Amino acid sequence: MKKLLKTTLLASLLISATQVQADILTVDKLNTLNQLHDVVISPNGDSLVYGIKNGQTGQSQLYKRDIASGDVVQLTSHASTEHSVTWDNKGTGLYFLSSRSGNSQLWYLPLTGGEARQITNFPLPVEGYKLNHQQDQAAFAFTVKPGCDSFACTQQAMAEEQSKKHNTRAYDKLMVRHWDAWLDGFNQHIFVGAIDVDQVTTNAKDIMTDWDTDFAGMTQVAFSVDGKKLAFSAKTPGVDHAWSTNWDIFEVELANNNITNITEQNTAWDAMPVYSSDGKYLAWKAMKTPVYESDKYTLTIKDLQTGDVKQVAPLWDRSIASFQFDHDNRSVIAVAQDVGQKSIFEIDLAFGDVNTIFNDGYAADVSINGDKVYFTRHNLASPADVYVISKDGFGLQQLTQVNKQELANVDMGAFEQFKFKGWNNEDVHGYWVKPANFKQGQKYPIAFLVHGGPQGSFGNMFHYRWNAQLWAAQGYGVVMIDFHGSTGYGQQFTDSISGDWGGKPLVDLQKGMAYISKQQPWLDADNACALGASYGGYMMNWIMGNWSDGFNCIVNHAGLFDMKSFYHTTEELWFPEHDFSGPYWQFKQNYDKFDPSAHVDNWTMPMLVIQGELDYRVPYSQSLAAFTVLQRKGIDSRLVMFPDEDHHIRNPDNLKEWYREVFAWMKKYLK
């Protein structure tokens with residue numbers, strides 16, 4: 001009897017231990033996490049509206065949270081997604097885009113009662129909108145045929161294109177393709193039209209009719225306070241779009257459609273115009289280096305009364321990602337990368353003083369009300385939720401837990417930022433992530449993740465394509481180095497990679513691996529696999545020839561292999577022309593200096609090569625060439641192609657297969 005009791009007790013304890021054992025993050029679970037969007041605070045600050053895309057169903061609905069009580073109510077239940085949400089001025093209703101009627105149109109939902117009603121019915125889908133301050137007029141984005149003066153003209157041009165019996169594309173200038181699509185002669189233009197929540201608008205005017213170029217999107221469109229002008233960012237029509245980064249700020253007088261380029265003197269990138277609510281200023285962010293997409297964005301302000309233009313806090317060594325005027329128009333609230341984080345700052349317009357409001361993880365979707373800042377935030381161990389903090393940086397409060405149930409029993413790996421002496425004994429930062437269910441005293445194989453860009457960062461973020469926690473869940477220790485060239489550490493640090501792709505970064509990666517594996521003895525540097533995409537994939541090819549005994553295996557996604565071929569087939573030529581000083585035929589020595597294809601004699605490590613066939617940034621011939629070398633040299637290798645993906649793997653089923661291939665390759669070579 002005692003033996004039976006002991007056996008029963010032991011079984012009970014085992015069952016109990018099994019029940020409390022944490023799950024690990026899987027690709028399936030990652031694909032089914034709920035995702036936030038359209039986080040906006042009401043004008044009086046009493047309510048927060050946000051959208052949640054349900055990871056299980058793929059449907060998205062809007063929710064409203066009462067700030068005082070914390071009560072949450074679901075506002076919508078339609079099968080069609082609502083997005084691009086804007087509060088009305090009284091805080092009694094919401095504007096949003098939806099395809100409820102068959103294609104994307106503008107809708108209005110009164111929060112005082114009643115159903116959402118459609119307030120535009122254009123012949124073409126609305127791809128974006130921006131309301132003026134009075135909310136009696138809106139700017140709309142439509143894809144149209146340049147030169148057409150009516151929707152009917154564009155519709156006819158589209159019909160003619162679809163009815164062609166031949167299947168050809170013909171071009172007279174670059175660019176001919178972008179990211180994953182061949183350009184088709186249609187462009188996205190800004191239209192302006194009157195709106196009324198009690199009527200249906202059917203007509204709007206194209207303010208850039210003859211432009212054979214796109215504008216920069218609705219996040220870069222703004223109405224003046226009086227509604228008489230509109231500012232936007234775009235490239236002037238021309239033939240240099242493939243090798244120029246000269247985006248300008250244009251201001252339109254809506255009464256006569258007179259367009260003025262107000263940043264014509266700056267041949268670098270100007271973006272994101274914003275008018276102050278008192279009508280005194282127009283602000284935007286500006287770079288100063290032409291033909292460069294990773295220069296520092298500095299806040300620039302034009303006094304609309306005097307015409308004077310000045311830069312604010314020009315010595316602050318961070319690049320602004322987004323900003324908005326505070327309510328008193330004496331400062332702006334800005335978001336910028338900062339030492340592995342994406343942080344929130346307050347910038348004083350008169351004196352240029354910069355104060356940090358929040359600096360832990362990646363912040364976005366900022367809304368301001370009074371002395372409160374509402375925003376979303378994610379980090380290496382948690383997806384995005386909504387938070388609120390006072391402008392003085394105190395009183396941080398989490399307002400949502402949109403994945404509370406989904407992650408309730410999931411064990412995330414602990415993580416920590418570290419710093420070491422890299423190239424030239426300069427400070428370099430990185431992150432390590434412990435395996436899920438980490439056990440003290442054990443050594444773990446390393447997943448050495450190398451970010452793309454090259455001016456980029458693997459910082460304190462929850463990434464849906466390169467998620468460090470997925471490797472941690474597989475029992476790997478994750479190491480990520482923000483090598484010279486990474487963003488968020490000052491412009492000089494970012495610029496230092498230009499012309500030196502295989503130099504400083506390789507030294508940083510080697511020194512970082514040696515440092516962290518010694519400092520964290522649970523990391524097994526002799527049992528490691530290196531992985532990277534885009535420039536990270538380039539670095540995989542470069543490591544093969546220049547650190548050929550560094551790893552047990554390599555995973556190369558969309559990596560540059562042959563620099564001459566890359567230059568002649570990529571679509572955004574400003575990218576290589578900046579980093580290598582100009583076109584290939586003029587600066588051949590610069591491209592050849594760090595060409596991975598020149599070092600294939602040293603290739604020995606097994607490599608998994610992955611690529612999307614619709615990738616026009618790094619054409620798939622780069623991966624085919626690398627795989628050809630691997631096979632002819634008799635090196636164990638595998639090529640995995642995704643016919644319907646571009647530079648990134650976006651389809652959830654494809655992403656699941658991507659990770660399956662990667663983990664299988666690593667398991668084959670790591671103990």
Side-chain angles (χ1 to χ4, degrees), residues 25 33-37 39 41 48 50 313 316-324 326 331-347 353-369 371-404 407 410-420 427-434 436 449 451 456-464 466-469 472 478-482 486-490 493-494 516 520:
L25 185 66
L33 291 181
N34 302 319
Q35 297 188 40
L36 279 164
H37 61 91
V39 179
I41 190 71
L48 183 76
Y50 51 88
W316 183 49
D317 201 9
R318 293 294 180 265
S319 182
I320 292 175
S322 63
F323 73 94
Q324 56 194 289
D326 203 352
S331 63
V332 301
I333 306 299
V335 174
Q337 280 187 294
D338 182 44
V339 193
Q341 323 300 318
K342 203 165 190 180
S343 307
I344 305 174
F345 301 92
E346 182 180 35
I347 306 175
D353 296 337
V354 180
N355 297 313
T356 302
I357 296 175
F358 182 78
N359 188 36
D360 184 10
Y362 266 51
D365 307 303
V366 173
S367 295
I368 310 168
N369 189 270
D371 66 345
K372 301 292 185 183
V373 178
Y374 297 85
F375 61 100
T376 59
R377 174 254 193 179
H378 56 92
N379 66 15
L380 275 164
S382 58
D385 270 301
V386 183
Y387 293 77
V388 61
I389 194 171
S390 297
K391 289 177 187 172
D392 60 9
F394 292 96
L396 179 68
Q397 181 185 358
Q398 184 173 344
L399 299 182
T400 66
Q401 290 181 288
V402 299
N403 286 294
K404 182 178 181 179
L407 297 176
V410 174
D411 189 9
M412 296 287 189
F415 65 90
E416 187 174 292
Q417 191 175 39
F418 62 92
K419 181 172 67 173
F420 64 96
D427 286 344
V428 177
H429 292 76
Y431 274 95
W432 56 252
V433 182
K434 286 185 175 179
L449 307 187
H451 72 68
S457 172
F458 266 156
N460 188 10
M461 71 174 88
F462 196 82
H463 205 296
Y464 278 85
W466 283 74
N467 191 291
Q469 291 292 343
V478 182
V479 176
M480 301 175 289
I481 307 293
D482 269 356
S486 299
T487 51
Y489 302 92
F493 191 86
T494 300
I516 199 60
Q520 301 293 326

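Quantities reported herein were computed from a predicted structural model and do not represent experimental measurements.
Between Asn467 and Leu25 the shortest side-chain heavy-atom distance falls below 4.5 Å. With contacts defined as side-chain heavy-atom distances shorter than 4.5 Å, the pair Phe458/Tyr431 does not qualify. Between Asn355 and Lys391, every side-chain heavy-atom pair lies at or beyond the 4.5 Å cut-off. At a threshold of 4.5 Å between non-hydrogen side-chain atoms, the residues Leu407 and Pro383 count as touching. Taking 4.5 Å as the limit, some side-chain heavy atom of Gln341 sits within range of a side-chain heavy atom of Gln417. Between Asp385 and Leu399, the closest side-chain pair of non-hydrogen atoms is not below 4.5 Å. Phe345 is listed as a side-chain neighbour of Asp338, based on a closest heavy-atom distance under 4.5 Å. Put simply, the side chain of Arg318 reaches to within 4.5 Å of the side chain of Val339, judged on heavy atoms.
Pairing each heavy atom of Val433 with each of Gly413, the nearest pair is CG1-O, 3.8 Å. Closest approach of Ala334 to Ile347, counting heavy atoms only: CB-CD1, 4.0 Å. Residues Trp316 and Ala336 approach most closely at CH2-CB, 4.0 Å, considering heavy atoms. Of all the heavy atoms in His451 and Ile481, the pair that sits closest is CD2-O, 3.9 Å. Across every non-hydrogen atom of Asn460 and Leu380, the tightest pair is OD1-N, 3.0 Å. Smallest separation of non-hydrogen atoms from Ala381 and Gln469: CA-NE2, 3.8 Å.
The structure places CH2 of Trp466 at 11.5 Å from CE of Met480, a figure rounded to the nearest 0.5 Å. With values rounded to the nearest 0.5 angstrom, Asn369 atom CG is found 5.5 Å from Ile41 atom CD1. Rounding to the nearest 0.5 Å gives a distance of 8.0 Å between CD of Glu416 and NZ of Lys434. Expressed to the nearest 0.5 Å, how far CD1 of Ile357 lies from CD1 of Ile389 amounts to 7.5 Å. For the atom pair OH of Tyr387 and OG1 of Thr400, the computed distance is 7.5 Å after rounding to the nearest 0.5 Å. Note that CZ of Phe418 and CD1 of Ile516 are 4.0 Å apart. Values are rounded to the nearest 0.5 Å.
A side-chain donor-acceptor contact under 3.5 Å links Asn34 to the backbone of Val402. For the pair Gln324 (side chain) and Val366 (backbone), a donor-acceptor distance under 3.5 Å is present.
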> Between Val373 and Phe358, does a side-chain contact (heavy atoms from CB on, under 4.5 Å) hold up when you go through it step by step?
Replying inline: CA-CA 10 Å; Val373 178; Phe358 182 78; over 6 Å; no

>> Before you tell me yes or no, could you show the steps for Ser457 and Asp482 under side chain to side chain donor-acceptor pair (under 3.5 Å), namely the whole-Å CA-CA distance, both residues' side-chain angles and the distance that decides it to 0.1 Å?
In response: CA-CA 6 Å; Ser457 172; Asp482 269 356; 2.7 Å; yes

> What's the verdict on side-chain contact (heavy atoms from CB on, under 4.5 Å) for His378 and Thr376, showing C-alpha distance, side-chain angles and the deciding distance?
Replying inline: CA-CA 7 Å; His378 56 92; Thr376 59; 5.9 Å; no

>> Quick one, Phe462 with Met412, criterion side-chain contact (heavy atoms from CB on, under 4.5 Å). Give me CA distance, side-chain angles, the key distance, then yes/no.
In response: CA-CA 12 Å; Phe462 196 82; Met412 296 287 189; 4.2 Å; yes

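Between Tyr489 and Phe493, the ring-plane angle classifies as tilted under the 30° and 60° cut-offs.
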